[in-house]
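Lettering follows sequence order; numbering is per chain, from 1.
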Protein chains: 2
Amino acid sequence: MAASRVYQHPDISEIAMPRVLFALSEPLRLTMVRILADRGEVDSIELGPDLPRSTLTHHTSLLRESGVVFVRAEGRKCMIRLRRDDLQARFPGLIDTVLAGYTESEQPKEQA
Amino acid sequence: MAASRVYQHPDISEIAMPRVLFALSEPLRLTMVRILADRGEVDSIELGPDLPRSTLTHHTSLLRESGVVFVRAEGRKCMIRLRRDDLQARFPGLIDTVLAGYTESEQPKEQA
DNA sequence: ATGATTGTGCGACAATCTTCGAATGATTGG
DNA sequence: CCAATCATTCGAAGATTGTCGCACAATCAT
């Protein structure tokens, strides 16, 4: 019954701006963060139902290691949530500003 | 006397969040943006006096193409300034928040 | 005009990143 | 215990990125 899978998370003070920005600079990950902001804690599968599992693990790990999300094992599932309070404490306003400025429908078209 | 070098800049509406975040995710470029925020318009050389010129051009071009900076030729020099108002209009609060959260001295130490 | 100075483009190289299949490990249900 | 299910790790392939030397164009001082 013990949760075997354990995840390492950076402490608040270890969260680095360039790393967070890089994590958020990928459209796929940014979309994941948007989903997390809208739905709270979700099963990892909700972040990319159509993605190969290894790809999903890659992106969630990167988000976790950069300090953007918190991950915990629940049975076989993997529950993920945004570290909103921690990010707000470390970089006030950043996440809110990024999310406010990014909606997929609002994206500029591809330059022809 | 005509300015021969002409630089292309994205329109405000074409500035994309992932691209801006990527531009800012590089410590070197982030430092450049900080200098620009502090000093206003500067000669490009001020952004990296010790860098090879081609490297400097690479980063300033990336910042320009992502919509972060405005570049103009002045004689042989290259003057660069932050597109602060444009960025503020497109993504309110983003630049201020990023700059407020990033000072080189405040960076987390390298993981040993 | 000549020579010095500055930025840019090109090409190469190494490093990093993204994607994903296959194998492995962990957990649940029967 | 056994099989099914889910996440993770590993490895590889392709794409992107960062760095930089070199040649070239543009500009300025003399």
Side-chain angles (χ1 to χ4, degrees), chain A residues 1-9 16 18-33 35-36 41-66 68-81 110-111, chain B residues 1-9 16 18-33 35-36 41-66 68-81 110-111:
Chain A
M1 98 187 200
S4 68
R5 276 176 300 163
V6 179
Y7 299 92
Q8 297 289 338
H9 296 83
R19 213 145 162 203
V20 170
L21 294 181
F22 179 77
L24 299 177
S25 71
E26 185 73 31
L28 186 53
R29 289 192 292 264
L30 194 43
T31 299
M32 291 178 179
V33 170
I35 292 173
L36 291 169
E41 191 176 50
V42 303
D43 184 338
S44 68
I45 200 68
E46 287 192 53
L47 298 182
D50 300 332
L51 292 173
R53 298 299 162 80
S54 53
T55 300
L56 191 55
T57 298
H58 168 73
H59 288 294
T60 56
S61 296
L62 197 152
L63 286 170
R64 170 177 55 79
E65 290 163 12
S66 65
V68 175
V69 304
F70 182 85
V71 183
R72 69 183 175 88
E74 180 170 293
R76 283 172 294 195
K77 305 279 187 69
C78 182
M79 303 301 292
I80 306 181
R81 65 170 184 268
E110 299 292 334
Q111 56 274 28
Chain B
M1 106 190 195
S4 67
R5 278 175 300 164
V6 180
Y7 298 92
Q8 297 288 339
H9 297 82
R19 210 142 167 207
V20 171
L21 295 180
F22 180 77
L24 299 176
S25 70
E26 184 73 29
L28 187 54
R29 288 193 293 265
L30 195 42
T31 299
M32 291 178 178
V33 170
I35 293 173
L36 291 168
E41 191 176 49
V42 303
D43 185 337
S44 67
I45 201 67
E46 287 192 54
L47 299 182
D50 300 332
L51 292 174
R53 298 300 160 78
S54 52
T55 300
L56 191 56
T57 298
H58 169 73
H59 288 295
T60 56
S61 296
L62 197 152
L63 286 169
R64 171 177 55 79
E65 290 164 10
S66 66
V68 175
V69 304
F70 183 84
V71 184
R72 69 183 175 89
E74 180 169 293
R76 284 173 294 193
K77 305 282 186 67
C78 184
M79 302 302 289
I80 306 181
R81 65 171 184 268
E110 299 292 332
Q111 56 275 23

Give the table of side-chain donor-acceptor pairs shorter than 3.5 Å for residues 42-50 of chain A, with sequence neighbours excluded, one pair per line with atom names and distance.
| unit_1 | atom_1 | unit_2 | atom_2 | d |
| --- | --- | --- | --- | --- |
| A:Asp43 | OD1 | A:Ile45 | N | 3.1 |
| A:Glu46 | OE1 | A:Arg39 | NH1 | 2.7 |

**Closest approach of B:Ser66 to B:Val20 (non-hydrogen atoms, all atoms of both residues)** = O-CG2, 3.6 Å
**Partner residues of A:Thr57 under the side chain to side chain contact (heavy atoms under 4.5 Å, CB included) criterion, sequence neighbours left out** = A:Ser61
**Message:** Between A:Thr55 and C:dC20, is there a contact of a side-chain N or O with OP1 or OP2 at under 4.0 Å?
**Reply:** yes
**Asked** Once each nucleotide of nucleotides 8-14 of chain C is scored for protein heavy atoms under 4.0 Å, what B/S/- sequence comes out, 5' to 3'?
**Response** BB-----
**Fill in**
Contacts of A:Arg29 meeting side chain to side chain donor-acceptor pair (under 3.5 Å) (sequence neighbours excluded), chain-then-number -> A:His59
**Asked** Watson-Crick or G-U wobble partner for D:dC6, using a 3.5 Å limit on both distances?
**Response** C:dG25
**Partner set under salt bridge (charged side-chain N to carboxylate O under 4.0 Å, His left out) for A:Arg81, not counting sequence neighbours** = A:Glu41
**Asked** Heavy atom of residues 42-51 of chain A under 4.0 Å from DNA chain D: which residues?
**Response** A:Asp43, A:Ser44
**Request:** Please name all residues satisfying side chain to side chain contact (heavy atoms under 4.5 Å, CB included) with A:Leu51, sequence neighbours left out, ordered by chain then number.
**Result:** A:Leu28, A:Met32, A:Leu56
**Message:** Just the rounded figure in Å: distance from P of D:dT19 to CG of B:Leu28.
**Reply:** 6 Å
**Request:** Return the set of residues passing ring pair (Phe, Tyr, Trp, His ring centres under 6.0 Å) with B:Phe22 (not counting sequence neighbours), or none when no residue passes.
**Result:** none
**Request:** Would you indicate whether the side-chain heavy atoms of A:Arg64 and A:Gln8 approach each other to under 4.5 Å?
**Result:** yes
Extract from the structure each pairing of a protein N or O with an N or O of nucleotides 14-17 of chain D at less than 3.5 Å, listing the distance.
none

